[in-house]
Amino acid sequence: MMEEVSQEDMEEVEVLEAQIKHLQAEVSALKCQQQDNHRDITFHFRGEMQDAMLCMCGQRQGDKKEKEKVLSRLKEEVEEMEADLKLQTEMNGISLNSCTTKTLQSSDRKLVQQLCVSGHCSELVFQVEFQLSEVKEGSGCVRTISGLNVVVDASDLQNFNSFLSGVEESRDLLLLFRTLRTFSNRCDDRCRTFQHFQEKYPSVVSLPGGCSSEVVTLNHPELSGCLLLVRWSVDVSKEGGVSPKIELLAKIPERALQLFPSLPVGGASEAFQSLLRLLGPEAALESVIMAVGLSRDT
Amino acid sequence: MEGASKKGVLSHLCLLEVQARSRKTQPKQPSRVHELKAKAEALMRQREQLRAEVETHKNIKKLRASMDQQCRHEDEEEEGMDEDSENSNLLRLMARHTQLKDLLHAYDVIGGYNIIKTRQGKGLCVSIATAYEGVYFETYNLELDLKPTVRISRHDVPPFIPLNNLAEQSSMQTEVRTLLDPLSQHLNAFAGRKQQLQLVKELHKSVEVMESNVLCSFLVLMFSLPREKTALLCSLDYSDCTRCLPTRVHFECDDKELPNSPDWKKHRSLLMETPVHKALITMREMGNIL
């Protein structure tokens, strides 16, 4: 350098150089934090979100109109997503209320996330946790699930337990949700049918456990000792096959049976099964109810 | 005349010379200080920007966590915000965006039908995902016309899947899912059987696949029996196409008594209850097949 530098200038240079070193260290630390943030896929923003981020950080200097534009574009995108979410909820019959993700590994080729999804399917409340890995292979992407953990809150869990442990082992997430939905539909069918009959024949039909229970009792108000029990269970096989099973149980006191020896009450359960095969669940139930009610109507 | 103009030029030249000399001796702005000041300012701007970004990220994460908490416990929306500022609105919106994105992704992963409405509600596009043992396979697509009646207009479902039958048996006019659920069952069972066959070929090289069909509903395998030094033909019938397990297992062997031996009776039940690629592992471990 050919110019002369005065003493004052040299001091200023030292001060500035120190300040710059300090700033560089701060910037480097902040960049590290920024990289960490970007590694989490959920908070790695693109498109409208990226514009919004730049807005928040004041890169779009002071222009209020610009900020409003960004806000309104983002709002539009969010509204579209809300509508999409509503559609997916309706069409899938499953309501997801939360999905949290944690990025475990992210590179150009591979993405591994830990997902925790919770929601409900009609009356069934579930929480599902698993690891999702997406690996780029050729022109496509291979998606794999591992470490599946399922918690279902249902009133009758016995039907479900062997299925749930089977599904955790086979990591069949799709089967889990298909089965949850089918199971929930069958339980809803049962509940609706029970409620319908309880309202139509209130003196004969009672639901000791409420309409979501498996059991409904039928009895004539004047024959208090004689009871017919209908148990409608929804079984789930290990493979995810959902099968409703309806059976009739008669509770008639010994004395009554003695009075009417020819009463074919003993065969009531089998007879009901034939009725079921012929008429289907609703009509079969209705005929039994009407018979118990000693109804003249047909 | 000449004398006067010469004088004017000379004096002008003198003036210029003085000006030039004075410029040389003026104290120059020390360019090093100038340079450093500019650098420091640039770094400060960068730092402020990064701080704002990191802070914003932190706020969005916090907001998102509290929104997730609310949604899980199905609380009502927060009544009013602390500051109704533009910034807080934008932050809230951004947090909601991340939440929605995650939820929509979740629907995709759990096998949701990824419904897209088209042509102002007159059409519907549906995707059906298939997976087996935690690995996702093909996704099949259907395009439905909704008006005047619900019917399938386009699809890429393979012809050996009885799509038309399923459509006829469903109540898709009122509830599209009555078609989609059974179709998904068929497609997933097919994906499962197909993958089982693939795994048999990969993991059990000493087992020969004699016969199979496109639907993977029929499989004939030939086992080499190390002890008896003979071969055994095993046919698996998957007549229920909604399942990945066979409905019938049949053994054929020169030694007519062998299929009735206790070990092979066990193998028959095993093959009925366990996916074939897994059953073969057990059979090999028991020493009955190569």
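The shown structure was predicted, so the numbers you read here are calculated from the model rather than taken from an experiment. Every chain is numbered from 1, with letters handed out A, B, ... down the list of sequences.
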- prompt: Considering all heavy atoms of both residues, which atom of Met94(B) and which atom of Met53(A) are nearest to each other, and what is their separation?
  reply: CE-N, 3.7 Å
- prompt: Checking heavy atoms, do the side chain of Lys238(A), its backbone, both or neither come under 4.5 Å from chain B?
  reply: neither
message: Can you tell me which portion of Arg143(A) sits under 4.5 Å from chain B's heavy atoms? Options are side chain, backbone, both or neither.
response: both
- prompt: Which bit of Thr242(B) comes within less than 4.5 Å of chain A, counting heavy atoms only: side chain, backbone, both or neither?
  reply: neither
message: At a 4.5 Å cut-off on heavy atoms, which part of Val109(B) comes close to chain A: side chain, backbone, both, or neither?
response: both
query: Considering only heavy atoms, which portion of Asn59(B) lies under 4.5 Å from any heavy atom of chain A: side chain, backbone, both, or neither?
result: neither
message: What part of Val78(A) gets within 4.5 angstrom of chain B, counting heavy atoms only: side chain, backbone, both, or neither?
response: both
query: What part of Glu80(A) gets closer than 4.5 Å to chain B, counting heavy atoms only: side chain, backbone, both or neither?
result: neither
field: Side-chain heavy atoms of Gln34(A) within contact of Gln49(B), under 4.5 Å
entry: no
query: Where does Leu174(A) contact chain B at under 4.5 Å (heavy atoms): side chain, backbone, both or neither?
result: both
task: Against chain B, label Thr89(A) side chain, backbone, both or neither, depending on which of its atoms sit under 4.5 Å from a heavy atom there.
output: both
message: Less than 4.5 Å to any heavy atom of chain B: does that hold for the side chain of Ser146(A), its backbone, both, or neither?
response: neither
query: Side chain, backbone, both or neither: which part of Gln24(A) has a heavy atom under 4.5 Å from chain B?
result: both
task: Look at Lys39(B), Lys58(B), Met44(B), Arg243(B) and state which one has the largest set of heavy-atom pairs under 4.5 Å with chain A.
output: Arg243(B)
- prompt: At what distance, to the nearest 0.5 angstrom, does CD1 of Ile20(A) lie from CG of Leu36(B)?
  reply: 4.5 Å
message: Suppose we screen for salt bridge (charged side-chain N to carboxylate O under 4.0 Å, His left out). Which residues come up paired with Glu26(A), at least two apart in sequence or across chains?
response: Arg47(B), Arg51(B)
task: List the steps, then state whether side-chain contact (heavy atoms from CB on, under 4.5 Å) holds for Leu90(B) with Leu74(A).
output: CA-CA 9 Å; Leu90(B) 189 51; Leu74(A) 188 63; 3.9 Å; yes
CD-CG distance between Glu41(B) and Leu23(A), expressed to the nearest 0.5 angstrom: 11.0 Å
message: Determine whether Met91(A) and Leu124(B) satisfy the following criterion, side-chain contact (heavy atoms from CB on, under 4.5 Å), listing intermediate values before the conclusion.
response: CA-CA 11 Å; Met91(A) 298 299 294; Leu124(B) 214 64; 4.0 Å; yes
task: Please examine the side chains of Asp181(B) and Arg178(A), heavy atoms only from C-beta on, and report whether any two atoms are closer than 4.5 Å.
output: no
message: Looking at every heavy atom in both Leu16(A) and Ala40(B), which two are closest together, and how far apart are they?
response: CD2-CB, 4.5 Å
- request: Measure up the Phe45(A) and His57(B) rings against each other and bin them: parallel (under 30°), tilted (30 to 60°), perpendicular (over 60°).
  value: parallel
- line: Cut-off 4.5 Å, heavy atoms of chain B, and the answer for Asp36(A) is neither
field: Considering all heavy atoms, the nearest Thr144(A)-Tyr136(B) contact
entry: N-CD1, 4.5 Å
task: Please look at Phe43(A) and chain B and tell me whether the side chain, the backbone, both or neither of the residue comes under 4.5 angstrom of a heavy atom of that chain.
output: both
Just distance, no hydrogens or angles: give the donor-acceptor pairs under 3.5 Å from side chains in residues 98-106 of chain B, sequence neighbours left out.
| unit_1 | atom_1 | unit_2 | atom_2 | d |
| --- | --- | --- | --- | --- |
| Thr98(B) | OG1 | Arg64(B) | NH1 | 3.2 |
| Thr98(B) | OG1 | Ala95(B) | O | 2.7 |
| Gln99(B) | OE1 | Arg96(B) | NH1 | 2.8 |
| Gln99(B) | NE2 | Asp68(B) | OD1 | 3.1 |
| Asp102(B) | OD2 | Arg64(B) | NH1 | 2.9 |
| Asp102(B) | OD2 | Arg64(B) | NH2 | 2.9 |

- request: Go through the atoms of Glu169(A) and report whether side chain, backbone, both or neither lie under 4.5 Å from a heavy atom of chain B.
  value: neither
task: Would you check, one step at a time, whether the test side-chain contact (heavy atoms from CB on, under 4.5 Å) holds for Asp40(A) with Lys61(B)?
output: CA-CA 11 Å; Asp40(A) 186 345; Lys61(B) 263 184 154 153; 4.1 Å; yes
